[in-house]
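Read the numbers this way: they start at 1 and go in the same order the structure lists the ligands and their atoms. This chain uses plain numbering: 1 for the first residue, then up along the sequence.
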Amino acid sequence: MVKILPSASLNEAQEAIQKIYGLPDDRLYSVWDLLSNQQRFAMRALKGIRQGDKRKVKLNLIISFCWILAIMNRLHINLEESVWQRFPYRCSYCGKCPCACKKNKVRKRIKFLPDGSKKPTSLTGLQNMFREIYPSSQRSLEHAGIHLAEELGELSESIHMFFGEHKESYFQKITVEATDFFSCIVGIANSANFDIAKELAHLFRNNCHVCHKAPCVCDFSLVAKFKS
Ligand SMILES: [Zn+2]
Ligand SMILES: [Zn+2]
């Protein structure tokens, strides 16, 4: 049986998604199918924000998160490592914790090396790290949602560019944009006050959260119709 524990690291969550969905994803889904599902559930989470429905926000955001992990698995990108390279306990832009971009009117991205000793070992630790870098008090839930939509567009753009031109630089861009998208998922979770690892553990306590098999046997049309 595959399950995600509340104490899981981001790597462990990505591996669990591979064990449950790797096989059907490889056989049934193109990258575009994975991407449109990731977007579909992210948009449903945004609808939840507009409606003030926290349950809807939570569940759809977690499912969108699982689709981005499926894209990372397909492209052999280690999301935990990429997140750490871009957000090593500091804002990826101004290099401060908490972020001081607005206060200091930073116009140019600051270059710095990560301090490995500070790297969180669990997904909850990562979520806490983002809460310290980008305190929820600095933005509303709606604002966090708009940022997620913006990053969704940039991720999609980078995937289109890479598959159009097959250049390494566009591949690197996918890694960066997936990381920014992840930071927005965490941003919404922090603004809406829920723990991503706990929610994942609740959903994935026994293989696929719908068919309860690993590998998942949900067929393509069932997934296309799935509403949460
Ligand atoms: Zn900053
Ligand atoms: Zn399934």
Side-chain angles (χ1 to χ4, degrees), residues 1-4 13-29 33-34 36-38 40-41 59-60 62-71 73-74 83-115 118 126 128-140 143-144 146-148 150-151 154 176-177 179-184 186-187 190-191 199-228:
M1 187 179 68
V2 183
K3 59 176 174 181
I4 299 178
Q14 185 170 343
E15 278 165 19
I17 294 301
Q18 173 63 17
K19 281 187 196 146
I20 302 170
Y21 299 110
L23 188 142
D25 283 354
D26 285 351
R27 285 190 186 159
L28 307 175
Y29 295 83
D33 294 328
L34 299 175
S36 70
N37 274 300
Q38 177 240 345
R40 181 160 72 104
F41 288 98
L59 191 54
N60 286 289
I62 294 294
I63 294 175
S64 179
F65 174 56
C66 293
W67 285 104
I68 186 79
L69 291 179
I71 296 173
N73 285 329
R74 172 67 56 88
V83 167
W84 178 245
Q85 289 304 320
R86 190 149 169 89
F87 299 97
Y89 240 104
R90 298 160 177 226
C91 166
S92 67
Y93 209 80
C94 66
K96 297 268 186 287
C97 179
C99 161
C101 284
K102 266 191 200 151
K103 204 166 72 191
N104 297 346
K105 295 199 170 60
V106 183
R107 294 195 199 286
K108 220 176 144 217
R109 194 175 288 278
I110 289 165
K111 285 201 172 131
F112 50 83
L113 283 171
D115 168 6
K118 285 182 151 186
L126 265 187
N128 292 338
M129 175 188 87
F130 275 105
R131 192 181 292 115
E132 283 183 45
I133 308 174
Y134 304 109
S136 311
S137 55
Q138 290 184 2
R139 60 165 192 274
S140 64
H143 186 270
I146 291 169
H147 197 182
L148 179 100
E150 187 185 321
E151 293 301 339
E154 289 178 12
V176 166
E177 297 303 346
T179 302
D180 286 351
F181 178 73
F182 172 78
S183 77
C184 286
V186 178
N190 281 336
S191 289
E199 295 305 323
L200 275 175
H202 177 67
L203 210 55
F204 294 97
R205 52 195 186 276
N206 176 18
N207 303 325
C208 165
H209 65 101
V210 181
C211 68
H212 299 294
K213 299 266 191 296
C216 159
V217 293
C218 297
D219 68 25
F220 194 92
S221 57
L222 174 75
V223 173
K225 280 185 291 198
F226 181 75
K227 287 201 172 119
S228 54

- Item | Over all atoms of both residues, closest heavy-atom pair of N190 and R139 | CB-NH2, 4.1 Å
- With the Zn ion (ligand 2) at the centre, find the angle made by SG from C216 and SG from C208, to 10°. 110°
- Query: Once rounded to 10°, what is the value of the angle centred on the Zn ion (ligand 1) between C91 SG and C94 SG?
  - Reply: 110°
- Task: Rounded to the nearest 10 degrees, what's the angle SG of C99 makes with SG of C101 at the Zn ion (ligand 1)? Could you check?
- Result: 100°
- Do any of the N, O or S atoms of C211 sit under 2.8 Å from the Zn ion (ligand 2)? yes
- Query: Counting distance only, does the side-chain N/O of N207 pair as donor-acceptor with the main-chain N or O of V2 below 3.5 Å?
  - Reply: yes
- Message: With a 6.0 Å cut-off on the ring centroids, do F65 and F41 count as close?
- Response: no
- Task: Could you tell me if the ring centre of Y134 sits under 6.0 Å from that of H147?
- Result: no
